[in-house]
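Labels below follow one simple rule: chain letters A, B, ... track the order of the sequence lines, proteins then strands, and each chain is numbered from 1. Keep in mind it's a predicted model, so treat the numbers as computed, not measured.
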Protein chains: 2
Amino acid sequence: MIDSLDFAKVMADETRQRIMALLCCRWLCVGDIVGEMQGISQPTVSHHLAVLRDAGLVHTRRDGKQVFYSLNQDEVAVCCGRILRNFAPQVPVAAISVSE
Amino acid sequence: MIDSLDFAKVMADETRQRIMALLCCRWLCVGDIVGEMQGISQPTVSHHLAVLRDAGLVHTRRDGKQVFYSLNQDEVAVCCGRILRNFAPQVPVAAISVSE
DNA sequence: GCCACATATTGACCGACATCGATATGTAAG
DNA sequence: CTTACATATCGATGTCGGTCAATATGTGGC
């Protein structure tokens, strides 16, 4: 349960957002993530996964030697709801464009 | 029109979020903002207002010697919508808690 | 014009964090 | 239990950005 500030800090990194995009709607193990992130070392990916894990923004599952991650979309939605409540209280929910 | 990454970077600072909260639903001039932000100097406040202005997250109005700012809630909502679209596409909009 | 006030910009400093190589930990196979 | 592989942690380095004092710019009054 992170607040708006911590959520923003976690999101405020390009590498992390790339990893989040990779993990959206699917499970990937660390090795596969490293494979998709050209130019980023394994320790760096592992570091970012730890940040995301500590923030509760990813799900984790171990399978043998591999550890799989996937994005916790519900938590993302909760954090966005918190930002909207704090900083856009007068905008009707229906007006928030989610499609396209 | 900033993307998810720049939006997160702008939001990822406590001082900026405090200023944004002050400017939510009302106009304040720089002097009044400085007055509310104890421990933060006028140049620092001005710097953060410039960041918010460049990001399009505040409205600006000059009145004589004073410059007034207020939060651009619509832009906040647009940016949150973008995050939801990118990182929570499978969460129904109705499930996003905005109240309370 | 000059002065007083409000805000913005500049330049320097410092802390936070992203990144890496090296190494440690964990796990399964043989 | 040793080896090989997958992931995590450590320590060092470099960069980015928040902060301030000092100064510049802008605005209205006289």
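Ser70(A) is linked by a side-chain hydrogen bond (donor to acceptor under 3.5 Å, both in side chains) to nothing, counting only residues two or more places apart in sequence or in another chain. Partners of Arg82(B) under the side-chain hydrogen bond (donor to acceptor under 3.5 Å, both in side chains) rule, at least two apart in sequence or in another chain, do not exist in this structure. Applying the side-chain contact (heavy atoms from CB on, under 4.5 Å) rule to Ala95(A) yields the partners Val91(A), Pro92(A); only residues at least two apart in sequence or on another chain are considered.
No donor-acceptor pair closer than 3.5 Å links the side chain of Arg61(A) to the backbone N or O of Val67(A). Between the Asp63(B) side chain and the Gln66(B) main chain, no donor and acceptor come within less than 3.5 Å of each other.
Within residues 3-16 of chain B, no residue has a heavy atom under 4.0 Å from DNA chain C.
When hydrophobic clusters are built by joining Ile, Leu, Val, Met, Phe, Trp and Tyr residues whose side-chain heavy atoms come closer than 4.5 Å, directly or via intermediates, Leu57(A) is grouped together with Tyr69(A).
Other residues sharing a hydrophobic cluster with Phe68(A) under the 4.5 Å side-chain heavy-atom criterion for ILVMFWY residues are Trp27(A).
In terms of phosphate contacts, His48(A) brings no side-chain nitrogen or oxygen within less than 4.0 Å of OP1 or OP2 of dC17(C). Considering only side-chain N and O atoms, Ser41(A) lies nowhere under 4.0 angstrom from the phosphate OP1 or OP2 of dT19(C).
The interatomic distance linking Ile40(B) (CD1) with dT19(D) (P) rounds to 5 Å, in whole Å. Spacing between atom CE of Met37(B) and atom C1' of dT19(D) amounts to 12 Å, rounded to whole angstrom units.
Under the 4.5 Å side-chain criterion, counting only non-hydrogen atoms from C-beta, Leu22(B) is in contact with Ile33(B).
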task: Let me have a per-nucleotide readout for nucleotides 6-12 of chain D, 5' to 3', with B, S or -, counting only protein heavy atoms under 4.0 Å.
output: SBBB---

